[in-house]
Amino acid sequence: MAKRREQWSSNFGFLMAAAGSAVGLGNIWKFPYVAGHNGGALFLIFYIIILVVIGIPILIAEMSVGRATHLNSIDACKKINPKWAFVGVIGFLASFVIMSYYCVIGGWVLKYIATYIVTDKINNPATFFNEFCSSSIEPIVWLFIFIAITALIVMNGISNGIERISKIFLPLLFLFIIIIAINSLLLPGASKGVKFFFVPDFTDINSAGDVGKIFLSALGQVFFSLSLGMGTLITYGSYLDKNANIPKNAVSIPVLDTLIAILAGLAILPAVFAYDLEPGAGPGLIFQVLPVVFANMPFGRFIAILFFVLVFFAAITSAISLLEVVAAYFIDHKNVSRNAAALGCSAGIFIAAIFVSLSFGALGGFKVLGKNIFDLFTTLTDKILMPIGGFLMCILVGYVWGIPNMLKEISSNGLYKFRYKTAISATLKYIAPALILTIFVVSFL
Ligand code: PHE
């Protein structure tokens, strides 16, 4: 037993890895179109409120559980109370399911990088996209490559693999997205997109139900974007040094995450409006709408490559965190070697991902509850597993483990002063669970 537990080599490394987990397809592939669908600016306001009121406290709670136990998510919950291991199990399952569709999209991104390397533009983007993602073999090959790269990084371990890659990819991503956002903002007609993103428009909102729907989407997006409610931060927190400042990190991570989501909105929406296209075009936004934009803009091919490489960086740093959650359980619990755990888990995920990929084509007719496999998996994680995981995490920390234990952990035994004791206690015990529960129940009415 007792292998020495791996650790991050520096706080900056941890921050890049945790922010790398948070910044992902959720920021670039989802945020602009969910915002587009949900009234733009109003969505943004709800998003920021939920982020501060619910997101940051849960982030702190999860990191403390990880750091206090130094265990993977399932065993960490079990150590707090043996009856509560199931909270970790929910996270473990959610990570597996998310990873199985995340890799499919990751594979599409690789395909687009490759396409722009060999051709200077995609002529008929909608047909190109539909033909590609509904075919049976090619997307599976790309998704395989994506999983293989993820596995390779995770096999190299915490400081040598995950941390090293995140320290390079995240700053580069930041640089690329700034270049693209500036380029979009300089396009004639860009201001319409900026207005859509930042100025609330109440004309579309006719009932309290509409507002509720936007609120629900914002909550789902906060959870997804911060990688909450599923053990990622327990796992990453478990490799933290006892002296690391948890609250400071818990603020830096969402700040970076939101900044990149907003930059992604600024990179995408002004360009979409400048060419009179539809912002709420669904997941097809970056794969179908943006290629039209790239085809028309100066240096379009260069920007396209930069853009898809940046999406790849975002996706891979999140994918490694998902794989790590699943693999860490086997590494700690069953005492399996890191290589075997990473490879074995990747193989399982690959098999599930094949079905997700085929649900865009050959298995498109296969529906459960009226949804194809992809829709079923995204609904299961976004609307069910992650909110339930987040709710239970609040209960576990607020009542089972207890706020005093958490406060002791976040102060690193008195090393750091934490001023928001009452606020975090009220949030974790009452506000966050009540809000999550209300929204969850309302969404099923
Ligand atoms: N936060 C990631 C994103 O925005 C997705 C993710 C969710 C990663 C949960 C890890 C855990 O894309």
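Any value given below was found using the heavy atoms of this structure, including those in side chains, with hydrogens, waters and symmetry copies removed. For ligands, and for the atoms within them, numbers begin at 1 and follow the listed sequence. Just so it is clear, the model here is predicted, and its values are computed rather than measured.
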Exercise. Closest non-hydrogen protein atom to atom 8 (C) of ligand 1, residue and atom name please, with distance?
Worked result: S227 OG, 3.4 Å
Exercise. With a 4.0 Å cut-off, would you call E62 and R67 a salt bridge?
Worked result: no
For this session: For S225, take its heavy atoms, then give the atoms of ligand 1 lying under 4.0 Å from any of them.
Result: 1 (N), 4 (O)
For this session: Ignoring hydrogens and angles, state whether a donor on the side chain of N11 or N245 is under 3.5 Å from an acceptor on the partner side chain.
Result: no
For this session: Look only at interatomic distance and state if M230 has a nitrogen or oxygen under 3.5 Å from any nitrogen or oxygen of ligand 1.
Result: no
Exercise. Using a heavy-atom cut-off of under 4.0 Å, does the side chain or the backbone of Y102 touch ligand 1, or both, or neither?
Worked result: side chain
Exercise. Which residue from L233, T232, I98 reaches closest to atom 11 (C) of ligand 1 through any of its heavy atoms?
Worked result: T232
Exercise. In Å and rounded to the nearest 0.5 Å, what is the CD1 to CG distance from I98 to L25?
Worked result: 11.0 Å
Exercise. Looking at L25, which atoms of ligand 1 are within less than 4.0 Å of one of its heavy atoms?
Worked result: 12 (O)
Problem set entry | ligand 1 to S21 polar contact by distance, N or O atoms, under 3.5 Å | yes
Exercise. Do ligand 1 and V23 have nitrogen or oxygen atoms that lie under 3.5 Å from each other?
Worked result: no
Exercise. Considering only the protein, which heavy-atom contact is closest to atom 7 (C) of ligand 1, and what is its distance?
Worked result: F224 O, 3.4 Å
For this session: Taking atom types as modelled, find out whether T232 and S321 have a side-chain donor-acceptor pair closer than 3.5 angstrom.
Result: no
Exercise. Considering only heavy atoms of S321, which atoms of ligand 1 have at least one such atom less than 4.0 Å away?
Worked result: 10 (C)
Exercise. Which protein non-hydrogen atom lies closest to atom 4 (O) of ligand 1, naming both residue and atom, and how far is it?
Worked result: A22 O, 3.0 Å
Exercise. Given side chains that start at C-beta, do those of F31 and F43 come closer than 4.5 Å, heavy atoms only?
Worked result: yes
Exercise. Atom CZ of F374 and atom OG of S357: how far apart are they, to the nearest 0.5 Å?
Worked result: 11.0 Å
Exercise. Which word best sums up how the rings of Y101 and F224 line up, parallel for under 30°, tilted for 30 to 60°, or perpendicular for over 60°?
Worked result: parallel
Exercise. When rounded to the nearest 0.5 angstrom, what is the spacing between CZ in F418 and CD1 in I246?
Worked result: 10.5 Å
